[in-house]
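Only one structure is covered here, and it is reproduced in the block below.
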Number of protein chains: 2
Amino acid sequence: MYSSFRNNIEKFVKLTDAEWDLMVPYLEIRKLKKHELFAEQGKVAGELCFVLEGMLRQYYMKDGEEKTTYFFFDNHLAGAYFSCISQKPSLLTIEALSECKVIVFPYKVLKELFETNMAWQTFGRLLAEYLAMGLEDRMVELLILSPEERYLELVKGNKTKIMERIPQHYIANYLGLTPVSLSRIRNRVVKK
Amino acid sequence: MYSSFRNNIEKFVKLTDAEWDLMVPYLEIRKLKKHELFAEQGKVAGELCFVLEGMLRQYYMKDGEEKTTYFFFDNHLAGAYFSCISQKPSLLTIEALSECKVIVFPYKVLKELFETNMAWQTFGRLLAEYLAMGLEDRMVELLILSPEERYLELVKGNKTKIMERIPQHYIANYLGLTPVSLSRIRNRVVKK
DNA sequence: TCAATACGATAACATAAGATAAGAAAAAAG
DNA sequence: CTTTTTTCTTATCTTATGTTATCGTATTGA
């Protein structure tokens, strides 16, 4: 049941069974209904999860509008990681885009493992480095590519099929544009 | 000589003298001339540095143009961190914007410390988390703020005086716009 | 010191994006 | 199955940005 989660962690660092077992008692399978929130703006996040099935989105509020900035798919960690780390109220909300099955665990437990076990600590570093590299890529794309180029990069990727199931206005936000603008770009690109 | 570097590290994690001494033999003071490169696109980076004096910029090439995406000031770590981590050729170049005095050290040494010492490993995690949080903030600004709002955020910050010494077209890139556009925004903002 | 280069402001024009609204299509809810 | 809601496209209008070019000034380097 938890093996996909363990496998995913072990892409970063190998764990002995004993080390893995330090985490297991705190894992909990949870189902999220569509539109259910996993983390909420203004609240200090205490939990992270590993997505087994389904997908989620992360959004910020600006001028009363939801601005979607990230998606979480299966086999990935999700959660308001930086709120957990800083113990400050989260600036973002995480919502299930579909029915989801996730493995939930308290960040406190992970932190405890970070501080007491070298392998887990290494995992913590490698995970943060992995997150940072992803964010750097994303930032560079936003800085140096035009909206149309960003859209083309997105459809070039391997997430095309998944993306098709996500409402387009969320993807527009993700690319830093308005839904109307994305619709126009799609129209333009098709004609080329 | 190295105390500001140590202090900076100890903002993340306290080190015993013995732990600090593990790093000291590998530190080297280096002066960079204006326009001298510290890391170069296409080359695998092997060194990081801590800036004692001066400032540097990081840029990517796109369509034959340099796109500045980040600045490094004194009392901060600089370098092609992700190239060091991944041992892949760097996508970015780091250039001294002024005469610089930096403390240089091989990433290999740092990695060795990560893997053999718990305090250093913790530093590695906290550093990566810190970098990731900064990148997340930056990304969100790019996604949900308009160019003008981004400029206003920048001048609101505490780096105003430093920024004044940086050529404006670098700052334009950093904000994700063209130099001409930044000039117009500045003009517009003054009149309000 | 002088010449070359880099820098920033501005203008003119073309293009693309934002805002808003309307209508069709698709999905969700009852 | 029908109604309601959400989603997407399209059109119009306005505005901001990109592109290119010019000009005066500041900086740099020989």
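Numbers restart at 1 for each chain; the letters A, B, ... are given by sequence-line order, proteins then strands.
- You won't find any donor-acceptor pair under 3.5 Å spanning the side chain of Arg184(B) and the base of dG8(C), going by distance alone.
- Residue contacts shown for Pro147(A) are limited to sugar-phosphate atoms, with no base heavy atom under 4.0 Å away.
- When the local axes at the two ends of the helix from dT1(C)-dA30(D) to dG30(C)-dC1(D) are compared, using 5 base pairs at each end, they differ in direction by 60° after rounding to 10°.
- For Ser183(B), the side-chain atoms get nearest to dT10(C) when compared with the rest of dT17(D), dG18(C), dT10(C).
- Using a 4.5 Å cut-off on side-chain heavy atoms (C-beta onward), Phe82(B) and Leu91(B) make no contact.
- For the pair Asn187(A) and dT9(D), the criterion of a side-chain N or O lying under 4.0 Å from OP1 or OP2 is not met.
- Checking Tyr170(B) against Leu182(A), the closest nucleotide of DNA chain C that is more toward the 5' end is the one next to Tyr170(B).
- The CZ atom of Arg57(B) sits 12 Å away from the P atom of dA6(C) (whole-angstrom rounding).
- When rounded to the nearest whole Å, the span between CG of Leu145(A) and C1' of dA16(C) equals 16 Å.
- One finds a side-chain N or O of Thr178(B) lying less than 4.0 angstrom from the OP1 or OP2 phosphate oxygen of dG18(D).
- Arg165(A) places its CZ atom 14 Å from the P atom of dC8(D), with the value rounded to the nearest Å.
- Between the P atom of dG8(C) and the CE atom of Met163(B) lies a distance of 14 Å, rounded to the nearest Å.
- Here dA9(C) presents its P atom at 12 Å from CD1 of Ile185(B), a figure rounded to the nearest Å.
- For the residue pair Gln58(A) and Thr69(A), a side-chain donor N or O sits within less than 3.5 Å of a side-chain acceptor on the partner.
- Taking the side chain as every heavy atom from C-beta outward, Tyr60(A) and Leu143(B) never approach each other to under 4.5 Å.
- The phosphate of dA6(C) has neither OP1 nor OP2 within less than 4.0 Å of any side-chain N or O from Gln168(B).
- Under the 4.5 Å side-chain heavy-atom criterion for ILVMFWY residues, no single connected hydrophobic cluster contains both Leu175(A) and Val180(A).
- Proximity note for Pro167(B) (side chain, C-beta onward) versus dA17(C), dG18(D), dG8(C): the nearest is dG8(C).
- No side-chain donor from either of Thr122(B) and Glu115(A) sits under 3.5 Å from a side-chain acceptor of the other.
- Under the 30°/60° scheme for interplanar angles, the aromatic rings of Tyr174(A) and Phe71(A) are found to be tilted.
- Taking NZ of Lys11(A) as the start and CG of Leu126(A) as the end, the distance is 14.0 Å to the nearest 0.5 Å.
- Among residues two or more places apart in sequence or in another chain, the ring-ring contact (aromatic ring centres under 6.0 Å, His included) test is passed with Phe50(A) by Phe5(A).
- In this entry the distance linking CZ of Arg186(B) with C1' of dC7(C) reads 12 Å, nearest Å.
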What does the list of N/O pairs under 3.5 Å between the protein and nucleotides 24-30 of chain D look like, with a distance for each?
unit_1  : atom_1 : unit_2   : atom_2 : d
dT28(D) : OP1    : Lys34(B) : NZ     : 3.0

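- Take the nearest nucleotide of DNA chain C for Val180(A) and for Ser146(A): the residue whose nucleotide is more 5' is Ser146(A).
- One atom, CD of Glu95(B), and another, P of dA6(C), lie 12 Å apart when rounded to the nearest Å.
- Under the 6.0 Å distance and 45° angle rule, Arg125(B) does not count as a cation-pi partner of Phe114(B).
- The 5' end of DNA chain D is approached more closely, in terms of each residue's nearest nucleotide, by Pro179(A) than by the other of Gly176(B) and Pro179(A).
- A sub-4.0 Å separation between OP1 or OP2 of dA6(C) and a side-chain N or O of His169(B) is absent.
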Practice task
Take Phe105(A) and Tyr26(A) through the test ring-ring contact (aromatic ring centres under 6.0 Å, His included) and record every step on the way to the result.
Solution key: CA-CA 6 Å; Phe105(A) 55 93; Tyr26(A) 304 98; 9.9 Å; no
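- Residue Ile166(A) contributes atom CD1, which lies 16 Å from atom C1' of dA27(C) at whole-angstrom precision.
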